[in-house]
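For reference, the structure discussed in these notes is given below.
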Amino acid sequence: MKLKGENVKGKNQKNLKEENTSVVLKLIREKSGISRASVVRLTHLTPPTVSRIVSQLMKKGLIWEVIRNTKSVGRKPFSLYLNGPSYYTISVEISYSYINFGIVDLDGKIVEKLNLNTSLNISNNELINLIYKQCKSLLEKYKGSHFLGIGVSSPGMIDSERGIILSVPNFENIANLKVKEELQKLLKLPVLIANDANAEALGEKYFGEGKEAKDFVLLHIGFGIGAGIVMDSKLFHGNFGVSGEIGHVSINYVNGKLCVCGNRGCVELYAGVKEIIKNCSSVANKKYSDLGEIAFDIEHGNEKVKRVVEEDGRLIGEVLISIVNLLAPMKIIISGQVVSFGKYFLEAIKNVIDEKSYYRFGENIQVLFSKLGDDAGIVGAMTVVFDAFLERPLAFL
Ligand SMILES: [Zn+2]
């Protein structure tokens, strides 16, 4: 399914209209309660153009306007707001052991969330069918509501432009899965897909720690380690739709462990969740099943385990120095299960960056945990659609 506005005559005029609508909509979202006069002033659009766009967006129910009660004489100013519950997105977060589904509104509020278990043996057809059935039942349940589209976040190599999951490590039977094409055909809604770290970076940009930062890096530490890079308030996609694969930076390319990517010594083989669990289990002489249990023991004074986690933080810090020297982001936001570790994990990362970054400018870079918690994936998948919608609102309406 093509979005409206593709391959039409009068393209330039259409593009201009789309661009102006996008600028106005973004401004109303960012400066909630802004007056029409301020929209005119800040966008440099003419008052009739702003007026036309505002009424069009109001007709669609996307924004609402209230008259502010002021004591001043003359015309009362109008305040404009984005109407969060006016449109929903279906979020699909694919993970190694489960798929999360969510209904999320334009304010990033999760209206409904559900979880299905899956297995690593799942095939292309099974995965598409599972997503299709669940989305269909959600669409039926919310019949009468407006949906912008379906946002999918997935680990692995994703061609987000064409909407294809190229491959996912550990999902051996998933390859070249045309998620966008297949789901759009079945569900008749726009479908957008992104790599999980990229989706989470967008989630942070709109609803998390990235709201105030023009340039930041989201580092997701899970079974793999990946980064989403936002530069000048835009997600950096890279060529071939692949970027931010920081988990495959080698920390020992001579004698290191062999990675699925074909190289040796990739950092995710040493600092990923699996490795943390293995190393902590070994020093504590017990079998941990997740990071929450490890965090609990550290809180209760297990110094040996704490040292393993701090060592992991230092490894992460070593790899982040390259990112800091290369991009000089304002913030580094860390997400994934490691968020359950406390300050000591962040400090271990931060100390390395402070000590070793070029000219020590790393001292000015904030390193912090994502606050979106367990919702980071669902909100991230929503923002894959939301980001595209804010750029080209008319194509979705
Ligand atoms: Zn690798």
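Just so you know, these numbers use all the heavy atoms, side chains as well, and skip hydrogens, waters and symmetry mates. In listed order, ligands and their atoms are each counted from 1.
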Nearest-0.5 Å distance that lies between atom CD in Gln134 and atom CG in Leu114: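 Separation between the atoms: 5.0 Å.
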Can you measure from OG (Ser79) to CD1 (Ile34) and round to the nearest 0.5 angstrom?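 Here the interatomic distance stands at 9.5 Å.
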Applying ring-ring contact (aromatic ring centres under 6.0 Å, His included) to Tyr206 and Phe386, what does each step give before you reach the verdict? CA-CA 9 Å; Tyr206 287 108; Phe386 191 51; 5.2 Å; yes
Listing by chain and number, which protein N, O or S atoms are under 2.8 Å from the Zn ion (ligand 1)?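 Those protein N, O or S atoms (cut-off: under 2.8 Å from the Zn ion (ligand 1)) are His248 ND1, Cys259 SG, Cys261 SG, Cys266 SG.
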No-hydrogen, no-angle side-chain donor-acceptor test under 3.5 Å, Ser370 and Glu204: yes
Please evaluate residues Ile90 and Tyr142 with respect to the criterion side chain to side chain contact (heavy atoms under 4.5 Å, CB included), reporting the C-alpha separation (whole Å), side-chain torsions for both, the decisive distance (0.1 Å), and the verdict. CA-CA 11 Å; Ile90 299 187; Tyr142 286 85; over 6 Å; no
Could you tell me whether the side chain of Ser55 and the main chain of Ser51 form a donor-acceptor pair under 3.5 Å?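 Confirmed, Ser55 side chain pairs with Ser51 backbone.
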